[in-house]
Trainee: 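Structure incoming, see below.
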Amino acid sequence: MSETVLQVKNLKLYYHTSKGAVKALDDVSFDLKAGETLGLVGESGCGKTTMGTGLLRMPTPPGRFEGGQILVEGRDILPLPEKEIRKDFRWEKVSMVFQGAMNCLTPVYTIGKQMMETLQEHRSMEKAEAQELIKEYLSYVGLPADVTSRYPHELSGGMKQRVVIATALFLKPRLVILDEPTTALDVIVQAQIINLLKKLKKTFDLSFIFITHDLALEAEVSDRICVMYAGKIAELGTNEQVYGGKGPAHPYTERLLAATPRLRRKVESLSFIPGTPPDLIAPPSGCRFHPRCPRVYERCRMEEPPVREIEPGHLAACWRCFE
Amino acid sequence: MSNGIDGDVILRVDDLKKHFTPHQGFLQSFGKVRKVVRAVDGISFEIRRGEIFGLIGESGSGKTTTGKLVMKLIDATSGRILFNGRDVTSIGHEETKEYRRQVQMIFQDPYASMNPRFKIRDVLEEPLEIHRITADRKERETRIVRALTEVKLTPPEDFMGRFPHMLSGGQRQRVATARTLILNPAMLVADEPVSMIDLSTRAEILHMMKDVQRDLGLTYLYITHDLSTARYFTDRIAVMYLGRIVEMGKADDIIDHPAHPYTRALIEAVPEPATGKVDVVKELPISGEIPSPSNIPAGCRFHTRCPYMKPECKEEAEPELMDLGSGHYHACRRWKEIG
């Protein structure tokens with residue numbers, strides 16, 4: 001558990017629009033150990049998907065890196081030429097299951113052909129050998145071998161998601177970024193996919209970055225949770241520190257957790273967070289959460305809180321938490 | 001209004017079925033027998049006046065088809081829908097229009113359900129025009145303001161001149177609610193009204209809908225896949241599986257004491273924000289995926305996935321809903337042994 005697979009240092013990624021720069025990631029730092037699952041959680045627009053595509057070094061235009069480093073096994077990938085990224089890094093070391101990827105399978109090709117494409121792009125191997133490998137990986141994700149000759153519309157949502165996961169594992173990456181891998185699925189299928197991911201992680205000795213808006217789901221998969229708000233880290237702690245009896249440190253996490261409906265407990269009234277996430281072209285002064293924060297005081301409006309360790313391994317960016 | 005038999009029942013659905021026959025080409029017509037998709041396959045339930053009734057199920061369970069049938073957006077294959085004691089399954093065009101004024105719908109996608117070129121004022125005015133409520137400009141204005149105030153989009157004047165793209169998802173769903181309220185409906189059908197809204201504001205929209213329901217004495221049919229919001233939001237729920245209701249009763253009863261194995265599996269699968277689960281592979285009391293509604297298993301339609309399956313579940317006729325007392329119904333013949 002000690003080796004560090006990924007280190008993100010002061011990463012800045014802005015989207016340059018006609019109205020100004022949208023600071024989608026603003027000075028974000030974290031690291032990831034081998035075999036660990038880190039959860040990225042937050043509302044839409046908080047920068048979690050930007051982080052995912054950013055880690056593959058393919059920000060969606062008009063996004064651009066504006067500073068910082070992404071170290072994969074100790075090597076900064078930001079200055080590398082694209083050719084090298086393709087050859088050694090993207091899909092080879094870090095792969096991703098994109099949000100809604102299961103709906104992006106080409107309807108006119110069979111599953112086998114689509115999976116073959118990935119392999120042929122990266123590996124020079126005989127067709128028969130490649131087909132064997134495809135079947136092997138399909139069995140890892142619990143699909144029968146004859147899926148290769150079927151078209152996407154013949155498969156259920158859960159099966160398509162399994163195909164996408166198999167494709168992401170092909171080239172034996174060390175880290176897989178999972179962006180809302182179960183959001184479009186029914187709860188039973190979601191639970192089945194989560195179980196599958198946990199098994200695959202052990203089999204292939206993977207690290208995961210698990211992106212979701214669902215705090216309840218995050219609790220079931222992630223060793224450490226990174227809560228993002230408006231392009232910044234609000235809180236980063238272990239599963240125990242965020243979901244344990246003491247409760248999370250940052251008021252945002254606290255409110256988000258309170259707004260998460262719980263099935264097994266009768267609640268008279270659900271709480272919610274008033275207001276909407278801020279405009280990232282001109283974010284609020286001081287702490288970005290202060291206009292919606294129930295515990296706001298003078299300093300929050302004036303000064304931006306740094307991300308600071310409040311107990312071993314537990315980071316938060318909140319003046320209240322430092323008191 | 002209501003007749004003596006139904007008492008306070010506003011909507012009664014009686015053995016309702018919707019079977020789709022897929023389009024077949026000329027050559028296919030020589031082939032095997034047509035496959036019929038039995039989307040809704042004989043369901044019955046009652047919604048009481050002033051109640052929030054939840055219809056829960058996975059995709060393919062027939063919950064959305066049921067919503068469309070209740071809205072009369074599609075015609076039933078057989079069965080009846082009684083609104084205020086009156087059969088509305090075979091009414092004419094004019095009567096359907098009046099029925100739809102009284103039973104309004106809130107759609108899932110607040111981005112797609114509004115004309116992007118309409119200002120909010122126009123969005124709200126359109127139903128008044130369609131139903132020829134009033135031609136008086138002032139009267140219309142008053143109604144629009146009242147509806148916007150009801151859903152807490154205040155001050156209303158600020159919102160009337162805006163376009164949908166200038167509003168957040170939550171605000172749009174408020175406008176969608178206001179658009180239904182402007183016609184003074186008796187009942188709202190809401191199909192996944194919050195599933196596309198951010199978690200932090202989801203509860204806010206449900207609060208608003210509950211307030212409106214209390215203020216105006218409305219009845220809701222709430223269609224969702226999400227048991228957690230259903231528990232909080234509804235009074236009673238019906239769990240659907242492959243076109244049938246497998247369990248029905250008070251929301252708390254069903255979630256705390258589920259009788260049907262399918263309901264148990266659904267509840268088991270819902271994640272809980274608590275520690276100590278990361279290294280655990282969850283035991284799911286269900287296998288495989290939902291079969292196609294064009295190929296529904298014989299006997300109990302859940303038997304192919306049920307961990308408690310016995311030969312009789314497959315061989316004997318499909319169990320009807322049985323009463324456990326206190327209005328808790330289920331359709332599992334082995335519930336006692338399982339419990």
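Note that the structure is a prediction, hence the values are computed from the model and not measured. In what follows, every chain begins at residue 1, and chains take the letters A, B, ... in the order their sequences are listed. All values below come from the heavy atoms of this structure, side chains included, with hydrogens, waters and symmetry mates left out.
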Trainee: Are a donor atom and an acceptor atom from the side chains of A/Q161 and A/T182 found within less than 3.5 Å of each other?
Mentor: no

Trainee: Could you tell me how the ring of B/H165 sits relative to the ring of B/F163: parallel (under 30°), tilted (30 to 60°) or perpendicular (over 60°)?
Mentor: parallel

Trainee: For chain B, which residues from residues 39-46 of chain A lie under 4.5 Å away (heavy-atom distances)?
Mentor: A/E43, A/S44

Trainee: Non-hydrogen contacts under 4.5 angstrom with chain A: give the residues of residues 226-247 of chain B involved, or none if there are none.
Mentor: B/L227, B/S228, B/T229, B/R231, B/Y232

Trainee: Identify which part of B/S59 has an atom lying under 4.5 Å from any heavy atom of chain A, answering side chain, backbone, both or neither.
Mentor: both

Trainee: Please identify each residue that fulfils ring-ring contact (aromatic ring centres under 6.0 Å, His included) with A/Y252, with sequence neighbours left out.
Mentor: A/Y229, A/F289

Trainee: Please walk me through it: do B/I106 and B/Y220 pass side-chain contact (heavy atoms from CB on, under 4.5 Å)?
Mentor: CA-CA 10 Å; B/I106 300 173; B/Y220 284 162; 5.8 Å; no

Trainee: Give me the contact list for residues 270-282 of chain A versus chain B, heavy atoms only, anything under 4.5 Å, ordered by residue number.
Mentor: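 Result: A/L270, A/S271, A/F272, A/I273, A/G275, A/T276.
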
Trainee: Please rank B/S200, B/A203, B/A269 by heavy-atom pairs under 4.5 Å with chain A and give me the top one.
Mentor: B/S200

Trainee: Side chains of B/I56 and B/K63: does their closest heavy-atom pair fall under 4.5 Å?
Mentor: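 No - every pair of side-chain heavy atoms lies 4.5 Å or more apart.
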
Trainee: Side chain, backbone, both or neither: which part of A/S222 has a non-hydrogen atom closer than 4.5 Å to chain B?
Mentor: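 Only the backbone of A/S222 comes within 4.5 Å of chain B.
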
Trainee: Can you tell me if B/E58 uses its side chain to pair, donor with acceptor, with the backbone of A/D186 under 3.5 Å?
Mentor: no

Trainee: Counting only heavy atoms closer than 4.5 Å, note whether A/V187 contacts chain B via side chain, backbone, both or neither.
Mentor: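 Both the backbone and the side chain of A/V187 come within 4.5 Å of chain B.
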
Trainee: Please report the C-alpha distance between A/M102 and A/V163 in whole Å, then the side-chain angles of each, then the deciding distance to 0.1 Å, and finally whether the side-chain contact (heavy atoms from CB on, under 4.5 Å) criterion is met.
Mentor: CA-CA 8 Å; A/M102 58 179 202; A/V163 168; over 6 Å; no

Trainee: Could B/D41 and B/R301 be called an ion pair, given the rule that one side-chain N must be under 4.0 Å from one carboxylate O?
Mentor: yes

Trainee: Is the backbone of B/I267 close enough, under 3.5 Å, to the side chain of A/R264 for a donor and an acceptor to pair up by distance?
Mentor: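 Judged by distance alone, yes, a pair lies under 3.5 Å.
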
Trainee: Can you tell me which portion of B/I205 sits under 4.5 Å from chain A's heavy atoms? Options are side chain, backbone, both or neither.
Mentor: neither

Trainee: Between B/I197 and B/G170, which heavy-atom pair has the shortest distance, and what is it?
Mentor: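 Taking every non-hydrogen atom into account, CD1-CA, 4.3 Å.
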
Trainee: How far apart are the closest heavy atoms of B/H260 and B/C332, and which atoms are they?
Mentor: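 Closest pair (atom of B/H260, atom of B/C332, distance): CD2-CB, 3.7 Å.
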
Trainee: Go through the atoms of A/K201 and report whether side chain, backbone, both or neither lie under 4.5 Å from a heavy atom of chain B.
Mentor: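 Contact with chain B: none, neither part.
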
Trainee: Which region of B/L266, side chain (C-beta onward) or backbone (N, CA, C, O), has a non-hydrogen atom less than 4.5 Å from a non-hydrogen atom of chain A, or is it both or neither?
Mentor: both

Trainee: Which answer fits B/E204, side chain, backbone, both or neither, if we ask what part of it has an atom under 4.5 Å from a heavy atom of chain A?
Mentor: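 Both backbone and side chain of B/E204 come within 4.5 Å of chain A.
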
Trainee: If you compare all heavy atoms of A/G52 against all heavy atoms of A/I211, which two are closest, and at what distance to 0.1 Å?
Mentor: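 Residues A/G52 and A/I211, closest heavy atoms: CA-CD1, 4.0 Å.
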
Trainee: So, for A/G157 and A/L185, which heavy atoms are closest and what is the spacing to 0.1 Å?
Mentor: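 Reported closest heavy-atom pair: C-CD2, 3.7 Å.
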
Trainee: Might you confirm whether atom NZ of A/K202 has over 12 heavy atoms from other residues, nucleotides or ligands at distances under 6.0 Å?
Mentor: no

Trainee: If we define contacts as heavy-atom pairs under 4.5 Å, which of A/N195, A/T260, A/V189 has the most with chain B?
Mentor: A/N195

Trainee: Which bit of A/E240 comes within less than 4.5 Å of chain B, counting heavy atoms only: side chain, backbone, both or neither?
Mentor: both

Trainee: Flag the one option from A/H213, A/K198, A/R255, A/E218 with the top tally of heavy-atom pairs under 4.5 Å to chain B.
Mentor: A/K198

Trainee: With distance as the sole test, does B/E268 use its side chain to make a donor-acceptor pair with the main-chain N or O of B/E283 at under 3.5 Å?
Mentor: no

Trainee: Relative to chain A, which segment of B/A265 carries a heavy atom at a distance below 4.5 Å: side chain, backbone, both, or neither?
Mentor: both

Trainee: Select one option (side chain, backbone, both, neither) describing which atoms of A/L196 are under 4.5 Å from chain B's heavy atoms.
Mentor: neither

Trainee: Write down the atom of B/P155, the atom of B/F159, and the distance for their closest heavy-atom approach.
Mentor: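 Looking at all heavy atoms of both residues, the shortest contact is O-CD1, 3.6 Å.
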
Trainee: Any donor and acceptor pair, going by atom type alone, linking the side chain of A/N239 with main-chain N or O of A/D223 inside 3.5 Å?
Mentor: no

Trainee: I'd like to know which of B/D256, B/L284, B/I290, B/L206 tops the heavy-atom pair count under 4.5 Å against chain A.
Mentor: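 Result: the option with the highest number of such pairs is B/L284.
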
Trainee: Would you say A/R224's side chain and A/G237's backbone share a donor-acceptor pair under 3.5 angstrom?
Mentor: no

Trainee: Could you report the tightest heavy-atom contact between A/L206 and A/L200, atom names first, then the distance?
Mentor: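 Taking every non-hydrogen atom into account, CD1-O, 3.9 Å.
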
Trainee: Test your reading of the model: is there a side-chain donor-acceptor pair from A/E180 to the backbone of A/D214, 3.5 Å cut-off?
Mentor: no

